[in-house]
Amino acid sequence: MRVLVTGGSGYVGSHAVRELVAAGHEVIIYDNLSTGNRKLSDGFELIEGDIADGEKLAPALDRVDAVMHFAACAYVGESVANPRKYFKNNVESALKLMDAVLKSKVRKFIFSSTNSIYGIPQVLPITEDSPKDPINPYGATKLFFEHVLQAYSASHGLRYAALRYFNAAGAHASGLIGEVHDPETHLIPLVFKAVLGKIPPLKVFGHDLPTPDGTCIRDYIHVSDLGEAHVKALEYLANGGESVSLNLGTGKGTSVKEIMDSFERLTGIPVPHELAPPRAGDPPALFANATKAKEVLGWTAKRDLDEILTSAWKWQQRLEAANYQL
Ligand code: UDP
């Protein structure tokens, strides 16, 4: 199949693009490069455009069988400080993308959703049916768009897969692409930056939480496993599968302390850190029940935490050697 990948120059999108091609599909990347990086699209057709630009989208949509939509603003903290940016990009512009899709013949749509739609769960692990009560504008915009897909699916014959990622982490096995965020707020790259002396010691947000070692628990999933799930979701829809929403996680929680300990075990380098109060709005523990994705797509995460840390560390060292210029 040929797929239009919005946000294909971003972190998760660029990995999904590689998995699509590895599975024999063709890709057209559509990205405005506002947060994406041109280098992550090297070797692929890239249309530079905004998802709100229906005129630019129309000829591209005429050439594809499906859309994967990654293009979005994705910083929780920024969404709290600047919610207008989030509602504008992730809702208003995304609605324009949907208008362009519905004007085209494309009826298969794969959406990057997030565990942030669940807010603070009352029960763990989180299933797809857990209450959806986002605690930040980022999660609210993603949940809103899931409702859009649900409605358009009922009224316009669209079929979609909303893929709710837990904590995307790791880098491509080639060492050629990986996570580059500016500013960086995610734990694993910050562990590396602390080790490399680029930032002061890592602040461990929360240390006397109601978790086994007192630090926060998350479900870290390798970005290439996410990419593979997107390919399976595409093939599921192509085979006539009904619209579906799925958690993409490993089902296993890992604490901040376990991340630091694993890094030290793998590299021999201790992580400079200091204990700090919990970050506002951070639930103590989040992890997925990942069984529905296995039942529906036949997909499970193949890569473990060691592979996440090793691949991401390789990528970080490449960035460091290149002085953070891709
Ligand atoms: N975290 C931390 N120190 C940091 C950044 C993150 O202790 O400098 C913790 C954070 O509280 C959370 C986990 O690491 O429990 C993962 O945070 P991240 O921002 O990577 O992802 P989130 O789960 O917030 O989407």
Side-chain angles (χ1 to χ4, degrees), residues 10-12 35 72-81 86 90 112-121 124-126 134-143 163-171 178-223 226 247-264 270-288 305 308-309 311-313 315-316:
Y11 173 46
V12 183
T35 54
C73 298
Y75 289 115
V76 168
E78 185 186 52
S79 80
V80 175
Y86 280 69
N90 297 0
S112 290
S113 191
T114 168
N115 66 354
S116 295
I117 66 167
Y118 296 112
I120 299 177
L124 288 167
I126 299 173
I135 55 165
N136 52 62
Y138 169 65
T141 62
K142 290 284 180 175
L143 181 58
L163 302 180
R164 300 170 180 163
Y165 315 158
F166 281 66
N167 288 58
E179 191 167 8
V180 207
H181 292 124
D182 186 17
E184 188 52 76
T185 60
H186 293 114
L187 177 66
I188 293 176
L190 289 177
V191 163
F192 300 155
K193 288 193 173 192
V195 165
L196 294 165
K198 298 277 168 197
I199 56 168
L202 179 82
K203 283 193 162 52
V204 174
F205 295 138
H207 52 89
D208 51 6
L209 302 166
T211 61
D213 65 24
T215 66
C216 259
I217 289 177
R218 293 289 180 274
D219 185 342
Y220 296 91
I221 172 137
H222 197 291
V223 65
L226 290 181
N247 287 342
L248 295 185
T250 65
K252 184 179 178 302
T254 303
S255 73
V256 174
K257 181 167 185 314
E258 285 172 320
I259 296 270
M260 295 192 298
D261 290 349
S262 297
F263 180 82
E264 182 169 353
V271 180
H273 65 276
E274 61 187 41
L275 303 180
R279 195 165 58 178
D282 257 358
L286 293 175
F287 51 95
L305 183 67
I308 287 176
L309 289 171
S311 60
W313 180 230
W315 167 245
Q316 185 75 40

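Note that the structure is a prediction, hence the values are computed from the model and not measured. Every number for a ligand or one of its atoms is a count from 1 in the order of the listing. Values below: all heavy atoms of this structure, side chains included; hydrogens, waters and symmetry mates excluded.
The shell of residues lying under 4.0 angstrom from ligand 1, judged by heavy atoms, includes Tyr220.
Summary of contacts: the protein heavy atom closest to atom 19 (O) of ligand 1 is Arg279 NH2, 2.9 Å. The protein atom (non-hydrogen) at minimum distance from atom 15 (O) of ligand 1 is Cys216 CB, 2.9 Å. When only non-hydrogen protein atoms are considered, atom 4 (C) of ligand 1 lies nearest to Phe205 CE1, 3.3 Å. In this structure, the protein non-hydrogen atom closest to atom 9 (C) of ligand 1 is Val256 CG2, 3.8 Å. Looking from atom 20 (O) of ligand 1 to the surrounding protein, the closest heavy atom is Leu187 N, 2.8 Å. Among protein heavy atoms, atom 3 (N) of ligand 1 sits closest to Lys203 O, 2.7 Å. The nearest protein atom to atom 22 (P) of ligand 1, hydrogens excluded, is given as Asn167 ND2, 3.5 Å; this is a heavy-atom distance. The protein atom (non-hydrogen) at minimum distance from atom 10 (C) of ligand 1 is Asp282 OD2, 3.4 Å.
Of all heavy-atom pairs spanning Glu258 and Thr254, the tightest one is OE1-CA, 3.4 Å. Considering all non-hydrogen atoms of both residues, Val76 and Ser116 come closest at CG2-OG, 4.4 Å. Here the closest heavy-atom approach between residue Leu286 and residue Gly119 is recorded as CD2-O, 4.1 Å.
When heavy-atom distances to ligand 1 are checked against a 4.0 Å cut-off, Leu202 comes that close only through its side chain, counted from C-beta outward. Under 4.0 angstrom from ligand 1, the non-hydrogen atoms of His186 come from both its backbone and its side chain.
A donor-acceptor pair is defined here as one N or O able to donate and one able to accept, closer than 3.5 Å; no such pair exists between the side chain of Ser311 and the backbone of Gly170.
Between Tyr75 and Tyr86, a ring centre-to-centre spacing not shorter than 6.0 Å is recorded.
Side chains of Tyr138 and Glu78: a donor-acceptor N/O pair is absent below 3.5 angstrom, by distance only. Inspection of the Ser112 and Tyr165 side chains reveals an N or O donor paired with an N or O acceptor under 3.5 Å.
Shown in contact with Val204 at under 4.0 Å from a heavy atom are these atoms of ligand 1, numbered in order with element: 7 (O).
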